[in-house]
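Quick notes on the structure that follows.
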Amino acid sequence: MINNFIAWPSRLTGTLLLPLLLAACSVGEDTARDRGAGAAPDGAATSGNPLETLAQSHAKRAGISVGEARQAAARQLGIPVADLRNYQNQPEVTLVGTQGIGDNARTAAALLDKGLVQSGQSLLRVGSDVADESPRLVSLNFKNATNYEFYLDSTDGTVNAAGQLRWDPVYGGLIKGNPRTLDNARICHESVNGFNYTGREDYLRTRGNPARIEISGSNKLSSLLQGRGVAVEPTPKVALFEFTFKEQDISNRSMADFVRELQANEHEFGSVVHSLFTLNPKALGASTFPPGSRFYVHWQTHFAKAGGAQTMAGFQGTFDCKSENDLDKPRDTLGAFMQPVRVRHSINATAWNAMKSALNIP
């Protein structure tokens with residue numbers, strides 16, 4: 001059964017399963033690019049250097065020079081600006097195994113290339129040119145109005161000196177009408193090279209798309225994991241890259257139909273971190289999403305040791321999922337753990353608040 005959790009679906013094309021061969025973009029070539037005129041049109045698959053595509057897109061959108069745009073893009077990705085054009089100097093990455101993933105420009109380029117092939121560049125954003133809606137629902141496990149749990153990502157919108165927002169997990173629900181907390185909830189976790197990860201840690205995320213995420217090695221759930229017998233060793237922070245390749249308006253859609261469709265196609269693009277909806281769609285009745293409701297699909301790389309060209313070489317990992325409460329086990333809760341690239345779904349606050357009303361959740 002565990003093997004089924006971590007298997008890539010057969011629906012993925014051979015292109016996504018093969019190593020990404022990222023072409024070079026030589027310094028000094030194509031002077032049109034330095035004028036912001038060489039970016040591919042919206043909807044087109046990327047070619048050449050995907051990091052340059054990001055910078056060119058920003059230059060064109062913001063009306064600034066490509067040099068300024070490169071500085072902004074490098075800051076967003078947490079990499080030296082020179083690495084935008086020379087990412088091939090970093091260790092090779094294929095996104096088909098965790099050992100070749102590092103916190104560096106080459107990993108960022110590989111994920112961006114993968115996303116651009118799927119969605120074109122219409123979702124590329126740098127810095128403040130993006131809406132950071134909060135909170136975002138990333139998991140709902142619902143049995144009835146007195147037995148459910150939800151997990152939100154929330155930020156106060158305050159940007160630090162590094163251009164990062166802190167996102168915190170907001171967890172709640174009821175057990176037979178009583179408040180559900182992290183102490184009485186089922187915590188699934190992955191342990192890799194001394195780093196314990198549940199998907200519910202607070203983290204720092206740069207603004208824009210793609211983004212760089214940093215997770216502290218001593219996150220707020222460490223004490224809970226220690227209480228469950230998990231050894232938490234001091235470790236350096238880890239990092240991953242995220243690309244949002246789908247942003248869909250679900251206004252006025254049937255909630256039940258949307259949930260059915262998502263459950264049926266949950267693994268369309270790979271393994272999910274957590275199931276967004278584990279509930280019977282019939283519980284939503286004839287309710288529809290209000291105007292302004294949005295659905296997002298994100299790709300995330302597996303986390304790597306933060307800093308430079310480090311990778312997960314010598315990768316050693318285990319995962320565990322304990323069920324100690326009244327809810328049915330969510331489908332494929334650990335489906336994405338130990339995958340080099342995993343999928344994360346979310347809906348915005350407008351959609352979540354409407355769904356709470358439909359399910360009689362306060």
Side-chain angles (χ1 to χ4, degrees), residues 15-16 18-34 36 38-40 44-60 65-121 123-127 162-163 205-214 238-245 298-313 340-341:
T15 300
L16 299 184
L18 291 173
L20 294 175
L21 302 178
L22 303 178
C25 178
S26 300
V27 176
E29 288 184 1
D30 194 356
T31 55
R33 291 181 177 180
D34 290 330
T46 183
S47 62
N49 185 330
L51 300 179
E52 281 289 289
T53 299
L54 171 64
Q56 294 154 19
S57 175
H58 180 50
K60 190 173 183 179
S65 71
V66 173
E68 292 172 307
R70 287 187 184 124
Q71 293 283 347
R75 183 170 184 260
Q76 177 170 305
L77 295 171
I79 58 178
V81 67
D83 286 355
L84 287 175
R85 307 197 76 175
N86 300 308
Y87 65 88
Q88 302 93 336
N89 293 335
Q90 302 292 338
E92 185 176 358
V93 59
T94 65
L95 297 188
V96 296
T98 52
Q99 291 190 6
I101 291 179
D103 175 25
N104 56 52
R106 191 153 190 168
T107 297
L111 184 69
L112 181 53
D113 187 79
K114 186 181 180 79
L116 289 174
V117 167
Q118 286 291 316
S119 67
Q121 71 175 72
L123 293 179
L124 292 182
R125 299 290 187 274
V126 171
R205 183 188 190 279
T206 57
R207 301 192 71 180
N209 187 36
R212 181 178 182 273
I213 293 172
E214 288 184 2
V238 296
L240 54 85
F241 294 100
E242 178 180 85
F243 183 73
T244 302
F245 70 93
H298 317 274
W299 265 337
Q300 293 181 344
T301 62
H302 193 276
F303 49 76
K305 295 174 184 177
Q310 297 186 69
T311 70
M312 297 302 285
V341 179

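Annotation: side chain to side chain donor-acceptor pair (under 3.5 Å) contacts of Q76 (sequence neighbours excluded): none. Remark: E242 pairs with R205 by the salt bridge (charged side-chain N to carboxylate O under 4.0 Å, His left out) rule, at least two apart or across chains. With sequence neighbours left out, the side chain to side chain contact (heavy atoms under 4.5 Å, CB included) criterion links Q71 to V81.
Between the R106 side chain and the Y87 main chain, no donor and acceptor come within less than 3.5 Å of each other. A distance-only check finds a donor-acceptor pair linking the side chain of N209 to the backbone of L123 [under 3.5 Å]. Within the 3.5 Å criterion, the main-chain N or O of L84 finds a donor-acceptor partner in the side chain of N49. The backbone N or O of L77 sits nowhere less than 3.5 Å from a side-chain atom of T206 that would complete a donor-acceptor pair.
Interatomic distance, R207 CZ to R125 CZ, rounded to the nearest 0.5 Å: 12.5 Å. Note that NZ of K114 and CG of L95 are 6.0 Å apart. Values are rounded to the nearest 0.5 Å. Taken from CG in L124 to CD in Q56, the straight-line distance is 10.5 Å, to the nearest 0.5 Å. The structure places CD1 of I101 at 14.0 Å from NZ of K305, a figure rounded to the nearest 0.5 Å. If you take NE2 on H302 and OG1 on T107, they are separated by 12.5 Å, rounding to the nearest 0.5 Å. Put simply, CD1 on I213 and CG on L240 are 4.5 Å apart, with the number rounded to the nearest 0.5 Å.
Here the closest heavy-atom approach between residue F243 and residue P210 is recorded as CD1-CB, 3.9 Å. Taking each heavy atom of A69 and A55 in turn, the nearest pair found is CB-O, 3.2 Å. Nearest heavy-atom pair across W299 and Q118 is CH2-CG, 3.4 Å. Shortest non-hydrogen contact noted between R212 and A306 is NH2-CB, 4.1 Å.
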Q: In sequence, state the C-alpha distance, the side-chain angles, and the governing distance for L116 and L54, and then conclude on side-chain contact (heavy atoms from CB on, under 4.5 Å).
A: CA-CA 10 Å; L116 289 174; L54 171 64; over 6 Å; no

Q) Is there a side-chain contact (heavy atoms from CB on, under 4.5 Å) between L112 and L51 once you walk through the steps? A) CA-CA 7 Å; L112 181 53; L51 300 179; 4.1 Å; yes

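We find that E52 and R85 are joined by a salt bridge, their nearest charged nitrogen and carboxylate oxygen being less than 4.0 Å apart.
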